[in-house]
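Hydrogens, waters and symmetry mates play no part in the numbers below; they use all other heavy atoms, side chains included. Just so you know, residue 1 is the first one in the sequence shown, and it goes up from there. Whatever order the structure lists ligands and atoms in, that order sets their numbers, starting from 1.
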Amino acid sequence: MRYDFNTDREFDIIAIGRACIDLNAVEYNRPMEETMTFTKYVGGSPANIAIGCSKLGLKAGFIGKISDDQHGRFIEQYMRNVGVDTSHMVVDQEGHKAGLAFTEIKSPEDCSILMYRENVADLYLKPSEVDEEYIKRSKILLVSGTALSKSPSREAVLKAISLAKKHDVKVIFELDYRPYTWISTDETSVYYSLVAEKADVVIGTRDEYDIMEGTKDGKNEETVRYLFQHSPDLIIIKHGVEGSYAYAKSGETFQANAYRTKVLKTFGAGDAYASAFLYALITGKDIETALKYGSASAAIVVSRHSSSDAMPKAEEIEQLIAERS
Ligand SMILES: Nc1ncnc2c1ncn2[C@@H]1O[C@H](COP(=O)(O)OP(=O)(O)O)[C@@H](O)[C@H]1O
Ligand SMILES: O=C(O)C[C@@H](O)[C@H](O)C(=O)COP(=O)(O)O
């Protein structure tokens, strides 16, 4: 089964949300207290997804606010150099800073992220900085859940979603739950439900759907039953190394296993998965194949040091799928 997009659009995907900095431990397999050096990469889930899509050959754009300093300029230049259209990245004029994510790699199974996200520029994106003419040029608007965590970014994203729906741009909602940006899980649940009900495709981990539904140990069947009463017609539920499922409103269900690999760190999997899954859908592959693309891309990225720079080319994904089939 294939998923249809508007074919007459210049952009394949425009992502909205944060573009930040990742500082990944160079000396890994130890606690951060003992880590003295870090490598700088562009980070932030929607930026990673835009970068991943661009490296796969899609035409990607980005809407977001970056700091007016060295970090903001690094982010814009890196994204532009990998082919992402940065013409709608707004430079903050109010002294807000780039978000920083220090990653701790204690072992391949035990990774965590220490985030510095006080007054970060990305959450100050205003509705007036979201351009209708830009959004209507895309097949997809990719929305990151974290961008809903505070005003005015929340309203900017809600405006972008309304514009996307007005112009038949598919809204893909990546739940991207980061607890520290929210006041409470009740607040998250309200905004996640609101946006998931309006989206065309929802992508998240089982745990993230549980936050949305205000439940624990939720069942995929119940999530799907709830969301199919609303706008979504495709729902992706990821279960980490246990693999992932796609549920289509037509009633079909698809499943993919994770690809075993030599894991360096666990983060980056979700963003790699989303970019390759969307790449496959946009290039006309069926949903089952798209799940394999997502899983293969994730396996490649967890074996590498970064989440953005590590995003693979299509040939690398195809080679891994071919080797394992
Ligand atoms: N350790 C791993 N080895 C190989 N693939 C993995 C690993 N962890 C996750 N993946 C792949 O990445 C996908 C997304 O991972 P998941 O952990 O669910 O997302 P997130 O990074 O958003 O929390 C999984 O469905 C799986 O295919
Ligand atoms: O999303 C962030 O702000 C941090 C990311 O850049 C970081 O690399 C990461 O956590 C990605 O992990 P994922 O959500 O598992 O793909």
Other residues, nucleotides and ligands only: do more than 12 of their heavy atoms fall within 6.0 Å of CZ on F38?
yes
Determine whether the aromatic ring centres of Y245 and F254 lie less than 6.0 Å apart.
no
Report the nearest protein non-hydrogen atom to atom 14 (O) of ligand 2: residue, atom name, distance rounded to 0.1 Å.
R178 NH2, 2.7 Å
A student checking ligand 1 against G243 at a 4.0 Å heavy-atom cut-off should list atoms 25 (O)
Nearest-neighbour protein heavy atom for atom 8 (N) of ligand 1, which is reported as residue plus atom name and distance
V241 CG1, 3.9 Å
Membership question, hydrophobic clusters at under 4.5 Å side-chain separation (ILVMFWY): are I63 and V157 in the same one?
yes
S45: numbered ligand 2 atoms lying under 4.0 Å from its heavy atoms:
1 (O), 2 (C)
Looking at F277, Y259, Y245, the heavy atom closest to atom 5 (N) of ligand 1 belongs to Y259
For the residue pair F277 and L291, establish whether any side-chain heavy-atom pair is separated by less than 4.5 Å.
yes
Would you kindly specify which portion of F267 sits under 4.0 Å from ligand 1, judged on non-hydrogen atoms: side chain, backbone, both or neither?
neither
Please tell me if the side chains of V301 and Y273 come closer than 4.5 Å, counting only heavy atoms from C-beta onward.
no
What is the nearest protein non-hydrogen atom to atom 4 (C) of ligand 2, stated with its residue, atom name and distance?
D22 OD1, 3.6 Å
Tell me: protein heavy atom nearest atom 21 (O) of ligand 1, and distance?
G270 N, 2.9 Å
Run the numbers for me: atoms of ligand 2, each under 4.0 Å from some heavy atom of I113, listed by number.
9 (C), 10 (O)
Can you confirm, on distance only, whether ligand 2 has an N/O atom lying under 3.5 Å from any N/O atom belonging to S307?
yes
Applying a strict under-4.5 Å side-chain criterion to I, L, V, M, F, W and Y, I'd like to know whether V143 and V190 cluster together.
yes
If I apply the N/O under 3.5 Å rule, does F267 come out as touching ligand 2?
no
Pick, from S244, G240, S303, the option with the minimum heavy-atom distance to atom 24 (C) of ligand 1.
G240
Just by distance, do the side chain of T223 and the backbone of K219 share a donor-acceptor pair under 3.5 Å?
yes
If we only count heavy atoms from C-beta on, is the R178 to R18 side-chain gap below 4.5 Å?
yes
For ligand 2, which atoms have a heavy atom of A269 less than 4.0 angstrom away?
15 (O), 16 (O)
Which of the numbered atoms in ligand 1 are below 4.0 angstrom from a heavy atom of A258?
5 (N), 26 (C), 27 (O)
Contacting atoms of ligand 2, where contact means under 4.0 angstrom from a heavy atom of R18:
1 (O), 2 (C), 3 (O)
Any atom of ligand 1 sitting under 4.0 Å from a heavy atom of T266?
no
Only heavy atoms of V263, strictly under 4.0 Å: list the atoms of ligand 1 that pass.
1 (N), 3 (N)
Do you see a donor-acceptor pair shorter than 3.5 Å between the side chains of R154 and Y191?
yes
G270 N/O under 3.5 Å from ligand 2 N/O:
yes
One finds that the ligand 1 atoms under 4.0 Å from a non-hydrogen atom of A298 are 11 (C), 12 (O)
Audit row: I135, V130, side-chain contact (heavy atoms from CB on, under 4.5 Å) steps and yes/no
CA-CA 8 Å; I135 288 180; V130 172; 3.6 Å; yes
Non-hydrogen side-chain atoms of V90 and I66 separated by less than 4.5 Å
no
Number the atoms of ligand 1 from 1 as they appear, then name those within less than 4.0 Å of a heavy atom of Y273, with their elements.
13 (C), 25 (O)
What orientation do Y134 and F11 show, parallel under 30°, tilted 30 to 60°, or perpendicular over 60°?
perpendicular
Do E318 and Y293 have side chains that approach each other closer than 4.5 Å (heavy atoms only, starting at C-beta)?
yes
Would you confirm whether the ring centroid of Y116 sits within less than 6.0 angstrom of the ring centroid of F102?
yes
Out of all atoms in ligand 1, which are within 4.0 Å of some heavy atom of T205? Include the element for each.
18 (O), 19 (O), 20 (P), 22 (O), 23 (O)
Which of the numbered atoms in ligand 2 are under 4.0 angstrom from any heavy atom belonging to M115?
2 (C), 3 (O), 4 (C)
Distance to 0.1 Å, residue and atom name: give those for the protein heavy atom nearest to atom 22 (O) of ligand 1.
K238 NZ, 3.0 Å
For the backbone of I49 and the side chain of D271, can you confirm whether one donor and one acceptor N or O come within less than 3.5 Å of each other?
no
As an exercise, identify every atom of ligand 1 less than 4.0 angstrom from a heavy atom of A269.
9 (C), 12 (O), 15 (O), 21 (O)
Interfacing atoms of ligand 2 (cut-off 4.0 Å, heavy-atom, G43):
6 (O)
Contact check, side chains of F62 and M79, non-hydrogen atoms, under 4.5 Å:
yes
Going by the order shown, which atoms of ligand 1 are within less than 4.0 Å of some heavy atom of S295?
27 (O)
At under 4.0 Å between heavy atoms, what of N48 touches ligand 2? The answer is side chain
Any idea which atoms of ligand 2 are less than 4.0 Å away from a heavy-atom of G268?
11 (C), 12 (O), 13 (P), 15 (O), 16 (O)
